[in-house]
Chemist: 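The structure is given below, and queries will be raised subsequently.
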Amino acid sequence: MKYKLGKKEISGILGIFVLVIASMLAYYVIFKGGNIIAALKSLLGSLKSILWGILIAYIMLPVLNGIEKKILIPLTLKAGKTLDGEEGIKRKKKIRNFSILLTMIVLLLIIYGLIRIIVPQLIKSISEIINNFPGYMQNINNLVNEYLVNNPQMSSTIISVLDTVQTYVNGFVNNSLIPNISVIMRYVSKSAMMIVQAFFNIIVGIIVAIYIMGSKEVFAGQGKKIVYAFMEERFANEIVGGFRFIHRTFTNFFVGKIIDSVIIGFICYFGCLILEIPFPVLVSVIVGITNVIPFFGPYIGAIFGAVLLIFINPVKALVFLIFVILLQQFDGNILGPKILGSSTGLSSFWVIFSIMFFGSFFGPIGWLIGVPIFACIYALVARTTDHFLNAKQINGSTEEYINIAYIENGEKKLLSDPENKKFNTGEMGSSIKKALNVKQKKVQKEDEQAKK
């Protein structure tokens, strides 16, 4: 007699199989997690050109849409040509190709303008700093000597520290640097190759961006087709809506951040001219570029510029540092919110977390894309959480949950109600208060024994 497996037996076998696979995966993640992380980093490294292409496409999409929808399509319709039927499809394709061409011309003109206007100023400023560096060091030396003349004890301490540093530097050069010169040269050559690779990634990224801009509707249509083919209608609609949210978040963040940084760079330049800060173009470019990085960028630009200026004029360095701090307060509280609005909806903590986390995987590009990526993940978690809370009919805002002690039979018990004492909701009290209470009880016990 043949034994026939039923649904319960099949489910049990599948459950055991899934459990075994899950156990093997858990073991591999726990004990071989480094290999997984290394493989992920290698995979992400191979996709850097694609990531650059997506980034460039997102930055230039508003320009493409503006040229296409505001200029070329109205001109085509005004000329009496229709966009319907087979001829219309051909005309749309020509319009798109011409729009991409004009968009890339705009991008190249922007790059050329930056190189033509800013780079000569940067080279002039850097050359002047290098040529005058001995004089800057002499100025600092004179200031230090003038200060130390009136402070002999401080002078002897500093001289002792400098002697120690000099001894350490000489030992480091003779014992570590010179014997390992071949290793250093390999590192230098590796750094040069990384620069070449970055340049190559950007060139390939531009090509990828052209393909993305040319076929953006096709990619969107293919994605929708797959989603509606394999998923239930309601869930598929949620997925499509989620990708629209991701698209808006990335577009608003990148475009808004670039506009914001350009404005801050110009304000910094004119402010440096008014305050007579040396090398205004150089420090303004530094501030504008670093401002693109959320949260940390403004501080990086301020510190870098101040360190550069301190060799030239320490007083001006202090003035610049104060000016940039005030400028960043204006940007963070007035200009940034006006331009970016609530494009991410993340608190400062999650902004820092996303920059550090994605920066560890992608490097500098992770500092840029980390915030919008995590904003999308954050929105997904929030939406999913609200969905399950609504299903349980215990929905509410985060502010309401702050005052919740626990939920019992679907009813919210509040911390402000002294009668709610379950699940460790009572006040623990401080260690000092506990110690005082113990001492007070001990004194009371000794008094009672004395009375007896």
Side-chain angles (χ1 to χ4, degrees), residues 51-70 103-104 106-107 109-111 113-114 118 202 205 209 212-213 216 241-271 284-302 324 326-359 362 364-380 382:
L51 294 174
W52 274 111
I54 294 172
L55 182 62
I56 294 170
Y58 265 100
I59 292 172
M60 299 308 296
L61 268 179
V63 179
L64 174 74
N65 293 333
I67 292 173
E68 186 176 290
K69 296 179 181 179
K70 302 292 184 182
T103 301
M104 300 316 295
V106 170
L107 176 63
L109 285 175
I110 292 172
I111 295 173
L114 292 174
I118 296 176
I202 293 174
I212 291 174
M213 289 187 291
K216 59 190 181 77
F243 273 98
R244 290 196 185 102
F245 173 80
I246 292 172
H247 171 69
R248 286 196 299 268
T249 300
F250 271 76
T251 303
N252 294 339
F253 178 81
F254 285 131
V255 176
K257 198 64 183 172
I258 289 172
I259 294 173
D260 174 70
S261 299
V262 170
I263 294 174
I264 289 297
F266 275 108
I267 295 175
C268 182
Y269 172 72
F270 290 114
S284 299
V285 170
I286 292 171
V287 170
I289 291 175
T290 56
N291 191 72
V292 177
I293 303 171
F295 195 83
F296 293 110
Y299 302 103
I300 294 172
V324 173
L326 294 175
L327 180 62
Q328 295 306 327
Q329 292 300 314
F330 164 74
D331 181 33
N333 296 301
I334 299 175
L335 181 63
K338 288 283 186 183
I339 296 174
L340 294 172
S342 56
S343 60
T344 61
L346 296 178
S347 65
S348 298
F349 171 79
W350 291 119
V351 170
I352 297 172
F353 174 83
S354 58
I355 293 171
M356 299 298 290
F357 180 79
F358 288 97
F362 299 103
I365 194 172
W367 302 342
L368 301 176
I369 67 174
V371 173
I373 287 177
F374 191 81
C376 296
I377 297 173
Y378 188 91
L380 174 62

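Quick note: numbers below take in every heavy atom, side chains included, and nothing from hydrogens, waters or symmetry partners. Along the sequence shown, residues carry numbers from 1.
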Chemist: Measure across Ala209 and Ala57 and return the closest heavy-atom pair with its distance rounded to 0.1 Å.
Modeler: CB-N, 3.8 Å

Chemist: Would you compute the distance between atom CD1 of Ile267 and atom CG of Leu327 and round it to the nearest 0.5 angstrom?
Modeler: 6.0 Å

Chemist: Check the pair Glu68, Thr103 against side chain to side chain contact (heavy atoms under 4.5 Å, CB included), reporting the backbone distance first and the verdict last.
Modeler: CA-CA 10 Å; Glu68 186 176 290; Thr103 301; over 6 Å; no

Chemist: If you round to the nearest 0.5 Å, how far is CE of Met213 from CD1 of Ile56?
Modeler: 8.5 Å

Chemist: From the options Asn291, Asp331, Thr290, select the one residue that forms a side chain to side chain donor-acceptor pair (under 3.5 Å) with Ser261.
Modeler: Asn291

Chemist: Please give me the minimum heavy-atom distance between Phe245 and Ala379, naming the atom from each residue.
Modeler: CE2-CB, 3.5 Å

Chemist: Could you tell me the separation between the CD1 atom of Ile377 and the CD1 atom of Ile246, rounded to the nearest 0.5 Å?
Modeler: 9.0 Å

Chemist: Take Lys216 and Leu64, measure what side chain to side chain contact (heavy atoms under 4.5 Å, CB included) needs, and give me the verdict at the end.
Modeler: CA-CA 11 Å; Lys216 59 190 181 77; Leu64 174 74; 4.0 Å; yes

Chemist: Ignoring hydrogens, what is the shortest heavy-atom contact between Gly265 and Ser284? Give both atom names and the distance.
Modeler: O-CB, 3.7 Å

Chemist: Between Phe357 and Phe374, does the ring centroid distance fall short of 6.0 Å?
Modeler: no

Chemist: If you measure from CD1 on Ile111 to CE on Met104, what distance do you get to the nearest 0.5 Å?
Modeler: 7.5 Å

Chemist: Working to the nearest 0.5 Å, report the span between OG1 of Thr249 and CZ of Phe243.
Modeler: 12.5 Å

Chemist: State, yes or no, whether a side-chain contact exists between Ile54 and Phe250 at a heavy-atom distance under 4.5 Å.
Modeler: no

Chemist: Testing the basics here: between Ile264 and Gln328, what is the closest heavy-atom pair and its distance to 0.1 Å?
Modeler: CG2-NE2, 4.1 Å

Chemist: Nearest 0.5 Å, what's the CD1-CG distance between Ile212 and Leu55?
Modeler: 10.0 Å

Chemist: Mind checking whether Ile373 and Ser354 have side chains closer than 4.5 Å, heavy atoms only?
Modeler: no

